[in-house]
Amino acid sequence: MSRRFKNLKVLTGNANVQLAEEIAEYLGMELGSSKVARFSDGEINVTIDESVRGADVFIIQPTCTPVNDNLMELLIMIDAVRRASARRITAVLPYYGYARQDRKARARDPITAKLVANLIVQAGARRVLTMDLHAGQIQGFFDIPVDHLLGVPILAEYYKNKGLEDVVVVSPDMGGVTRARNLAERIGAPLAIIDKRRPMPNVSEVMNLIGDVKGKNVIMTDDIIDTAGTITNGAEALLERGAKNVYACCTHAVLSGPAITRLDKSPIAELVTTNTIPLSKDKKLDKIKVLSVAPIMGEAIIRIHEDLSVSKLFD
């Protein structure tokens, strides 16, 4: 236990151990002793190897690939800690999976973002700390407090230090306009918007461009890059419309399926992302730059533990 904080414990599953270690280092403490293993039939076996009775416990576990395994690890760890008499349990979800189905877009669609929220609450979490939810209204799916951090301040600081000139920030779709405007305001750049349509899931087509990108250094920003179809198609369309260089950034680099191949072949000069999701060796490219969210998440944990304002971190 940290000498600085009373009754604070930080645990992690297997989803992103490196980020958990960075957060613990920021806090000046060691990760709590726990093991997440498997029985021979694949069932998850969780062991908490130290007392958490009366403790303020933070469980760091993004629900990234393999999504179902990581989600079950989180739920079982929450259950184990609850039954061990923890005072409060906070689920720290740097990346919240199953968030893209947040409403019924068609008849008989599930709302998985709400389903997963219910599971986390029923398991015993009493607070959630997360970053850049796919849709802000997901905060309301939880019947417990949710602290929703933003990745934009980290990305904006990087681009301000990079010193690009003649910059325009582009939202790759209408849904990301608020996020793109936030980044544009922070770095003092104008905003443009790509109008696209999705004929089917994970497929996008550029229809129109709202704004001027001719002769500009373009920064496309999104919350999630999954198969990279949207971002690579957008980059090609922007260059066709006269953009000088195209850069891209996101908070969550899911990078599934053909994403790495598409990014490697794309005209995108650089992709900046964060370590909310760990990048495996086969997903690393020279053009991908990873920034750490450990300081902002560590500071949020401190503020939650000490009952201080978390909104200060949005400035």
Side-chain angles (χ1 to χ4, degrees), residues 100 132 134-135 150-274 277 279 283-291:
R100 283 172 283 189
D132 272 355
H134 189 59
L150 303 177
V152 167
I154 300 170
L155 299 170
E157 187 67 24
Y158 174 81
Y159 283 114
K160 282 193 285 189
N161 293 333
K162 192 175 180 68
L164 293 174
E165 297 181 352
D166 297 324
V167 174
V168 59
V169 175
V170 174
S171 173
D173 53 35
M174 293 295 186
V177 172
T178 300
R179 185 181 305 103
R181 183 182 291 115
N182 191 351
L183 178 61
E185 290 174 351
R186 287 175 182 271
I187 65 175
L191 176 68
I193 305 165
I194 291 175
D195 175 25
K196 75 172 185 184
R197 71 183 185 100
R198 283 195 182 276
M200 62 185 71
N202 289 125
V203 177
S204 65
E205 295 178 359
V206 174
M207 304 298 289
N208 299 293
L209 175 66
I210 304 168
D212 181 24
V213 298
K214 190 172 183 179
K216 304 284 188 180
N217 286 308
V218 171
I219 301 173
M220 276 195 299
T221 183
D222 212 342
D223 61 330
I224 297 171
I225 295 180
D226 188 355
T227 61
T230 294
I231 213 83
T232 54
N233 289 343
E236 292 169 0
L238 291 168
L239 288 172
E240 289 172 2
R241 287 162 173 78
K244 183 164 62 174
N245 294 297
V246 178
Y247 301 85
C249 64
C250 70
T251 305
H252 310 299
V254 176
L255 304 183
S256 66
I260 292 299
T261 301
R262 284 175 173 172
L263 287 169
D264 193 29
K265 294 179 179 179
S266 78
I268 294 172
E270 181 183 57
L271 169 62
V272 180
T273 185
T274 74
I277 297 174
L279 288 185
K283 291 183 179 181
K284 291 182 179 178
L285 295 174
D286 290 340
K287 66 171 66 178
I288 297 179
K289 169 77 174 178
V290 180
L291 307 177

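- The shortest side-chain heavy-atom distance between I260 and I288 falls under the 4.5 Å cut-off.
- When atom types are taken as modelled, the side chain of R262 and the backbone of T227 share a donor-acceptor pair closer than 3.5 angstrom.
- Looking at heavy atoms from C-beta onward, I187 lies in side-chain contact with V169 at the 4.5 angstrom threshold.
- Nearest heavy-atom pair across D173 and I193 is O-CG2, 4.2 Å.
- Ion pair E270/K162 flagged as a salt bridge, since at least one NZ, NE, NH1 or NH2 atom sits closer than 4.0 Å to an Asp/Glu carboxylate oxygen.
- When atom types are taken as modelled, the side chain of N233 and the backbone of G229 share a donor-acceptor pair closer than 3.5 angstrom.
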**Request:** Check the pair I231, I268 against side chain to side chain contact (heavy atoms under 4.5 Å, CB included), reporting the backbone distance first and the verdict last.
**Result:** CA-CA 9 Å; I231 213 83; I268 294 172; 3.9 Å; yes
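- Panel note: side chain K283, backbone V254; a donor-acceptor pair is recorded below 3.5 Å.
- Proximity of V177 to L191: side-chain heavy atoms (C-beta onward) are separated by under 4.5 Å at one or more points.
- You'll find the side chain of T273 stays beyond 4.5 Å of the side chain of L291, heavy atoms only.
- In the model, D223 has no side-chain atom that pairs as donor or acceptor with a side-chain atom of T251 under 3.5 Å.
- The nearest pair of heavy atoms linking A192 to L209 is CB-CD1, 4.4 Å.
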**Prompt:** Can you list the steps and then say if D226 with R100 is a salt bridge (Lys or Arg N to Asp or Glu O under 4.0 Å)?
**Reply:** CA-CA 11 Å; D226 188 355; R100 283 172 283 189; 2.6 Å; yes
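- Residues L150 and D132 form a side-chain contact, since some pair of their non-hydrogen atoms from C-beta on lies under 4.5 Å apart.
- The environment of CG in N161 is crowded: more than 12 heavy-atom neighbours from other residues, nucleotides or ligands sit within 6.0 Å.
- In this structure, Y158 and K289 have side chains that are in contact, with non-hydrogen atoms separated by less than 4.5 Å.
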**Stepwise side chain to side chain contact (heavy atoms under 4.5 Å, CB included) test for I194 and N208** = CA-CA 6 Å; I194 291 175; N208 299 293; over 6 Å; no
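- A donor-acceptor pair is defined here as one N or O able to donate and one able to accept, closer than 3.5 Å; no such pair exists between the side chain of D222 and the backbone of I225.
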**Message:** Go through it in stages, so that I can follow the logic: the residues are V246 and N217, the test is side chain to side chain contact (heavy atoms under 4.5 Å, CB included), and I'd like the CA-CA distance, side-chain angles, deciding distance and then a yes or no.
**Reply:** CA-CA 6 Å; V246 178; N217 286 308; over 6 Å; no
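- When all heavy atoms of I277 and A253 are compared, the closest pair comes out as CG2-O, 3.9 Å.
- R241 has no carboxylate O lying under 4.0 Å from a charged side-chain N of D212, or vice versa, which leaves the two without a salt bridge.
- V170 places a side-chain heavy atom less than 4.5 Å from the side chain of L238.
- Side-chain contact check for M220 versus C249: every heavy-atom pair is 4.5 Å or farther apart.
- Shown here for A243 and L239, the closest heavy-atom pair between the two residues is O-CD2, 3.4 Å.
- Contact detail for A235 and P267: the closest heavy-atom pair is CB-CG, 4.1 Å.
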**Request:** Could you go through the side chain to side chain contact (heavy atoms under 4.5 Å, CB included) check for Y247 and V167 one step at a time?
**Result:** CA-CA 10 Å; Y247 301 85; V167 174; over 6 Å; no
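- Closest approach of N182 to R186, counting heavy atoms only: OD1-NE, 2.9 Å.
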